[in-house]
S.K.: 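Just passing along the structure, written as structure tokens.
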Amino acid sequence: MADTQWLDFEKDIVELHEQLAKARETHEKGKLDMTDMIQGLEEKIEEAKKHVYNNLTGWQKVQISRHPDRPYTLDYIENIATDFIELHGDRHVKDDKAIVGGFASIDGETFMIIGQQKGRNTKQRQMRNFGMPNPEGYRKALRLMKLAEKFKKPIITFIDTPGASPGLEAEERGQGEAIARNLFEMATLEVPVICIVIGEGASGGALGIGIGDRVLMMQYTWYSVISPESCSSILWRTWDKKELAAEALKLSATDMLGNGLIDGIIEEPLGGAHHDTATAFKAVKAAIKKEYKALKTLSPDELVNKRIAKFSNMGVYEVLES
Amino acid sequence: MEFEEDDLSGEGSKWYRRRLSGILTKTKDKKATPDGLWEKCSRCKTVVPSKDWIANYYVCPSCQYHDRIGSREYFEILFDNNKFTELDPGLSSGDPLQFTDTAPYTDRIKAAQRKTGLVDAVRTATGKMNDFKLVVSCMDFAFVGGSMGSVVGEKIARGIDYSLEHNIPFLMISKSGGARMMEAAFSLMQMAKTSAKLALLHKAGIPYISLITNPTTGGVTASFAMLGDMNIAEPEALIGFAGPRVIRETIGKDLPKGFQSSEFLLEHGFLDFIVPRTELKEKLTTVLKHIWDKKTHK
């Protein structure tokens, strides 16, 4: 925990941790018996964590979803699967490092696992383009999904992107077409598709690998049509209303489930996956196995029909008397 | 995924342009516009009698600038004798998120309805185009920047359902700033809904032609607009995923001339052809003659 990068709203917890560290130091040096105090502080920390993390605002969840220590796609693959064979390239332009994918085995069952990938340090972040795919990333993802379909292997996608890359080359190579094509093709994939938002689910860039039979969100992630910052800048004409925008967008996992736009939530360790990655990996693995067990009993036709019916039912409108 | 508010208020000189009253005027009345009313091309500033402007499909006879028009005008241009049946005209926005920014979403919707005389940003109709039965969904930019919320997605989905049920080719006319932020993720999922329905239309072997008009960006580009059996566009339309302002801010320099224009997309392989509005109906008819039998519907 000592190396954790703390967020602004975690101040109380940080202060308690500092007091605890001092108390332990004093105790270990043998100057005073601090046992009671240490115990008290530990209890206080647990209480503070519960208080902070059970009352998170939308914006605070967004902050956790972007925490630099959060597990990324390759961390999940490494920790829940074996025999990962990464497959590269869209066969047209290049290999987009912002999306990774390949076959891997989870408890003896082969899956095609695809996800957006962010970097841990400056060099990696550049290489991964901050998890913002270009068209060739979406086309690579589609190629791998069609490959999985050919060999009748189920598909898992990990969603974690601040958005599809906005840039000259992305537009030249048809960012819009690439995402559109994925929505169109994923709708009729004849194998089970499980999508999990593990961090940021920003807009079309997320949806481009997000048409699944089951779409799950981890507890402290967000999924919406736009980031709170951009929403603030467009609707309020200032960057300062991001907290308000985050509330208004109803972008948290609980809101998304309540609105029937996702199928389930994967609970995270208190405070976020980065506080206890082993538990997070276990939870994700268990969720995948549970969902796949139910999905594998469905025929290809049933899968496709149910998937299309699910997305077709999303929307709220009224019928005016004419 | 955004619209620029400047676009909502229209452009050009208000002295010469038919504003609200023009948009709401019945088409048959428009034809009776007396001489003496003028349109001024917002690009080349040529002044043209209104009746000539309309007779030329709202295209400047001098510089070929395609003035922005809505579903009413497109239906008149495409359907024989302007005869058509509108589908689901009463679908209107809910407010699933009780969204409020500087004003409540419901107020914005009501204001847009009053201002435009439209119910939402898309209208769907079925009728005949040179004797070919056709379903047309056409977006109206005048309504909250043509943004796509639940109503837009649902009406397009139902239009596709109608095509499927009656075995009729589907034409989508896109013109949109993208997703409607005030419906947040509901809006996002309309991309999934419309694309999934188009996949069914594709499986059924029914033609889908996507006509992209100025401007089309964001989630509309990243879903149905780019999924046509043929993607076609009007000349010089702005078509892109990210809006020009976002890209300019991201890369920190000015965009090349003609970037994200119809001509740019044609050159990069994302459009089948560009069609001037004056030739639209004939060209669409020729396309359908090649791929569709209007008697056997195959």
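Since the model is a prediction, treat every value here as computed from it, not as a measurement. So that the names make sense, note that chain A is the first sequence line, chain B the second, and so on, each numbered from 1.
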S.K.: In terms of heavy-atom pairs under 4.5 Å, which option from A:Lys250, A:Arg181, A:Glu318 contacts chain B the most?
M.R.: A:Glu318

S.K.: For chain B, find which of A:Ile179, A:Leu261, A:Ile211, A:Asp255 contributes the most heavy-atom pairs closer than 4.5 angstrom.
M.R.: A:Leu261

S.K.: When heavy-atom pairs shorter than 4.5 Å are enumerated against chain B, which of A:Ser224, A:Gly176, A:Ala170 gives the highest number?
M.R.: A:Gly176

S.K.: Would you please test B:Phe99 and A:Leu249 for side chain to side chain contact (heavy atoms under 4.5 Å, CB included) and show each step?
M.R.: CA-CA 8 Å; B:Phe99 197 98; A:Leu249 287 167; 4.1 Å; yes

S.K.: Please examine the side chains of B:Thr102 and A:Leu235, heavy atoms only from C-beta on, and report whether any two atoms are closer than 4.5 Å.
M.R.: no

S.K.: Please confirm whether the backbone N or O of A:Met314 pairs with a side-chain atom of B:Gln190, one donor and one acceptor, at under 3.5 Å?
M.R.: yes

S.K.: Report yes if some heavy atom in the side chain of A:Glu177 is under 4.5 Å from a heavy atom in the side chain of B:Phe241; otherwise report no.
M.R.: no

S.K.: Just give me the residue among B:Ala185, B:Ser93, B:Ser92 that pairs up with chain A most often, heavy atom to heavy atom, under 4.5 Å.
M.R.: B:Ser92

S.K.: Side chain, backbone, both or neither: which part of B:Ala192 has a non-hydrogen atom closer than 4.5 Å to chain A?
M.R.: both

S.K.: Between A:Thr188 and chain B, which part of the residue has a heavy atom less than 4.5 Å away: side chain, backbone, both or neither?
M.R.: side chain

S.K.: For the candidates B:Ala199, B:Ala103, B:Ala196, B:Gly149, which exhibits the highest count of non-hydrogen atom pairs separated by less than 4.5 Å from chain A?
M.R.: B:Ala199

S.K.: Could you tell me whether B:Glu86 atom CD has more than 12 heavy atoms of other residues or ligands within 6.0 Å of it?
M.R.: yes

S.K.: Given a strict heavy-atom distance threshold of 4.5 Å, which part of B:Tyr105 is in contact with chain A: side chain, backbone, both, or neither?
M.R.: neither

S.K.: Tell me, with the steps shown, if B:His202 and A:Phe184 meet side chain to side chain contact (heavy atoms under 4.5 Å, CB included).
M.R.: CA-CA 10 Å; B:His202 176 74; A:Phe184 181 91; 3.6 Å; yes

S.K.: B:Leu188 vs A:Ser203, test: side chain to side chain contact (heavy atoms under 4.5 Å, CB included). Steps then yes/no.
M.R.: CA-CA 7 Å; B:Leu188 181 67; A:Ser203 199; 4.2 Å; yes

S.K.: For the CD atom of A:Glu247 and the OG1 atom of B:Thr100, what is their distance to the nearest 0.5 Å?
M.R.: 13.0 Å

S.K.: Could you look at B:Ile251 and say if it's the side chain, the backbone, both or neither that has a heavy atom under 4.5 Å from chain A?
M.R.: side chain

S.K.: Between B:Lys193 and A:Phe311, is there a donor-acceptor pair closer than 3.5 Å when you use the side chain of the first and the backbone of the second?
M.R.: no

S.K.: Tell me, for B:Thr250 versus chain A, whether the close heavy atoms (under 4.5 Å) come from the side chain, the backbone, both or neither.
M.R.: side chain

S.K.: How long is the span from the CG atom in A:Leu183 to the CG atom in B:Leu198, to the nearest 0.5 Å?
M.R.: 10.5 Å

S.K.: Identify which part of A:Met186 has an atom lying under 4.5 Å from any heavy atom of chain B, answering side chain, backbone, both or neither.
M.R.: neither

S.K.: Between A:Leu207 and chain B, with a heavy-atom cut-off of 4.5 Å, which part of the residue counts as in contact: side chain, backbone, both or neither?
M.R.: side chain

S.K.: About how many Å separate CG of B:Leu200 and OG of A:Ser312, when rounded to the nearest 0.5 Å?
M.R.: 7.0 Å

S.K.: Would a distance-only check, ignoring hydrogens and angles, find a side-chain to backbone donor-acceptor pair under 3.5 Å from A:Glu171 to B:Ala242?
M.R.: yes

S.K.: Using only atom types and a distance under 3.5 Å, with no angle test, would you say the side chain of B:Ser150 pairs donor to acceptor with the backbone of A:Val316?
M.R.: yes

S.K.: Heavy-atom count check: over 12 atoms from other residues, nucleotides or ligands less than 6.0 Å from B:Glu263 CD?
M.R.: yes

S.K.: Decide yes or no for A:Cys231 and B:Asp101: does some side-chain heavy atom of the first lie under 4.5 Å from some side-chain heavy atom of the second?
M.R.: no

S.K.: Which value, rounded to the nearest 0.5 Å, describes the distance between A:Asn259 atom CG and B:Met189 atom CE?
M.R.: 10.5 Å

S.K.: Where on A:Arg173 is there a heavy atom nearer than 4.5 Å to chain B: the side chain, the backbone, both, or neither?
M.R.: backbone

S.K.: Please indicate whether A:Lys241 has more than 12 foreign heavy atoms, meaning atoms of other residues, nucleotides or ligands, lying under 6.0 Å from its NZ.
M.R.: no

S.K.: With a 6.0 Å cut-off (strictly less than), is the heavy-atom count around NZ of A:Lys146, excluding the residue itself, greater than 12?
M.R.: yes

S.K.: With chain A as the partner, which of B:Pro96, B:Pro256, B:Ala184 has the greatest number of non-hydrogen pairs under 4.5 Å?
M.R.: B:Ala184

